[in-house]
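Sequence positions, counted from 1, serve as the residue numbers for this chain. In listed order, ligands and their atoms are each counted from 1.
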Amino acid sequence: MSTPEFDQVLQVTPPRFTREEAFTIAAETFGVSATGVEDLGSERDQTLMLVGTDGPLAVMKISNPAEDPEVLDMEALVALHARRADPTLPVALPRLAPGHGSGDDPAAYRVRFDAEDGSHFVRMYDVLPGRGRFDATTLSDAAVSNWGQITARLGRATRGFFHSKAQRTMLWDVQHAPRTRALLPDVRDPGQRAMVERVLDRFDEVVAPVWPILRAQVVHGDLTVDNALIDDDGMITAIIDFGDMGHSALVTDVSSILDSLVVDREPEEIFRVARLVLDGYQRVTPLEPIELRILGELLATRSAVTIAISSWRVAKGLENAEFAGRYNGSVARTIEVILDAGWDEVARRLGSPGRPSPDLAERRTRALGPAMEPLTYEHPITMASARGVWMTDTEGRTYLDAYNNVPCVGHSHPRVTEAIARQSRLLNTNMRYLHAAAVELAERLIATCPPGLDTVLFVNSGSEANDLAWRLATTYTGNRGGLCTAMAYHGISDAIAPLSPETWPASRPPQHIEAWEPPDTYRGLHADPSVFAAALERLAARDHAPAAAILDAVLTSDGFYDLDPALVQTWVRLTHEAGGLWIADEVQGGHGRTGDAMWSFQRHGIEPDFVTLGKPMGNGHPVAAVITRREIAERFAEETVFFSTFGGNPVSAAAGLAVLDVLEDERVLPRVVLAGEALRAAIREVASRHPAIGDVRGMGLANGIEIVSGPASSEPDGAGAAAIKDRLREHGVLVGSTGHAGNILKVRPPLAFTTAEVPVFAAALDAALGAG
Ligand code: PMP
């Protein structure tokens, strides 16, 4: 019985001409006079090596009588196209038949030959070097990786090709896998049949729904060990058959080679070899996340299809039962290993991030220990992805991110991620070699600063930037004392932790540091310049002259108070008068956070001696910098030299440049002003109904909501703020908390936050407060 909806060539007996007939055919069609033949084996054609007295002459393919000549034309054209697109790919090319036309006419590569069983088309191919019929398990690691690369190159070489016959129902193409259910009755072994069914069920459930969004093109579809020749090292020397080609998902090429290369291996080896193949493939063509996610299913499907088709062909008398049985047994073991491991685990082992393990938090504690900052929220969120101002957890829940300032221009901004990926594919090295990216970044940063700030040093984190600024300051001034605000945080290093009272051990305030209280604009406290002068005096009383004072001008850790420029100018003047330098820490307030200026110190009309940059500078990629005056750098250079291995590397610099580009091109700063104003107005409107909100303040998208213990009270309510933060999370919004009492909600979203998100935030805040 013929199954009409399938490609007919799989259902009709292949030609079986005798040796003498083959000689006649070769001579009559292509004028090749052979003295010997060797059967090279074929599922649907008769493929013969023609041999003369001096050795091999050509490979002759006598097509199946059911073959559509236009399909053969497509095979000729694709081989010629691939060779043109990638001339070093060893694609076997068809020969022009003598007297049949020119190379532009695909029909000139085939000659019709009529026999008793019908018409056949004869094609002649050059003999390429290499050997076939080898065992895939003997291939070295380098060879399987190379196999992946060649497959990807072939995919690239055919991606610009199309032919109307490329849309076909070739059963080996896994996109038609559901049709092979009709063949299941021919799978004799009940265990194998059940396995094939399970795989086809999984295909229907997981693969079929995403099929329309997979990258598709004309693919070879079958670069298996049967369709390639190799050299002594196992490297492909010839790609010899396009018989299964068609328009399909690109990734089907990968599943077909995996199916062929991992067969007959131990379970662990199956995955290791598959990863090597994938690595090779992805050196040329990186797979998309969705392709990687379904790759296990595609591999299993390809194996399942193999069992179904060959069992069916055995039943039709088209294939040798013993050989098919042996091969099906091997393929079935691949499926077994996949099913035993489980689909998620297979995806993970093939390089796709799997589902989170439920004990991840315990594993974190076990591996990272108690010094690590605890997770946020009692039931921590396991994040999976993020885009713009939206973050998605592994359960698929999406949150409005009103907290994270690092992804300054928005999570995963494509211009930044592309810049990073592109540069890291090209080159990543250090500043001992000349490279334009860091130099250009330095120039562009200098251009954003007042004229005196003309020298940039690159490091890798905000802590390092402040550490280096501190070192430059102590070197320049010869002083060792320092000043910072009362709840400041400036970093983790041995020099900077003392300038971070937020993390001071209560019992051991550092001797050489003094903290000053910034003005509390809500309660009308500490507004007088004498507060700062007193800190300087306390320092002097302990015999310390200041090397530097450091300020985050949006006061993130102290509580987002909007500072009076005149007051800040006084602080800077007093510091300079005492012999110290001024560090503007722009790790929080910089890169447009306040909207009115690139750097928050610019709001205050001061000229700092150092500008330190971090977090948002690379939109999540670690990169940081110190911008300072030339004479300060010169003093340092008299004593030593600065070099940091990763500082200014081309990838980090590319990230930094991309962030600056986006800030400019998307006109981010004016957008921040509008979004910030709308946000504060909306929060104030919510506050009018909720006395727990004592104050709403901020600059641009650096904002604080002060939670107090009730009507007419300005008593900080840290526990209340923590509860609201938790409830906001339940309502899909992420914020932080800050301040002495932890009672100030930190609303500091990526700068991709626009007025469009303001109502979402306000509604969630209203709901979170209402529940209290
Ligand atoms: N300065 C300020 C103002 C900061 O907020 C931080 C980090 N929160 C740092 C410096 C330290 O940056 P990093 O964590 O990148 O070392």
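Between the side chains of T556 and D552, at least one donor N or O lies within less than 3.5 Å of an accepting N or O. Between the side chains of W599 and T448, at least one donor N or O lies within less than 3.5 Å of an accepting N or O.
For the atom pair CG of D562 and OG1 of T521, the computed distance is 7.5 Å after rounding to the nearest 0.5 Å.
Heavy atoms of I492 come nearer than 4.0 angstrom to ligand 1 in no pair at all.
Ion pairing between a basic and an acidic side chain is recognised when a charged N comes within 4.0 Å of a carboxylate O; D520 and R523 show such pairing. With respect to D454 and R629, no salt bridge is recorded, no charged nitrogen being found less than 4.0 Å from a carboxylate O.
Taking atom 15 (O) of ligand 1 as the reference point, the nearest protein heavy-atom neighbour is G462 N, 2.9 Å. Scanning the protein heavy atoms around atom 1 (N) of ligand 1, the nearest turns out to be D585 OD2, 2.6 Å. At the top of the distance list for atom 10 (C) of ligand 1, counting protein heavy atoms only, stands H490 O, 3.2 Å.
You'll find the ring centres of W470 and H490 outside the 6.0 Å limit.
For atom 5 (O) of ligand 1, the nearest non-hydrogen atom from the set K615, E464, Q588, M617 belongs to Q588.
The contact set between ligand 1 and S461, taken as ligand atoms under 4.0 Å from a residue heavy atom, comprises 15 (O), 16 (O). Applying the 4.0 Å criterion to heavy atoms of S463 picks out, from ligand 1, the atoms 11 (C), 12 (O), 13 (P), 16 (O).
At a 4.0 Å heavy-atom cut-off, ligand 1 touches N466 through the side chain alone.
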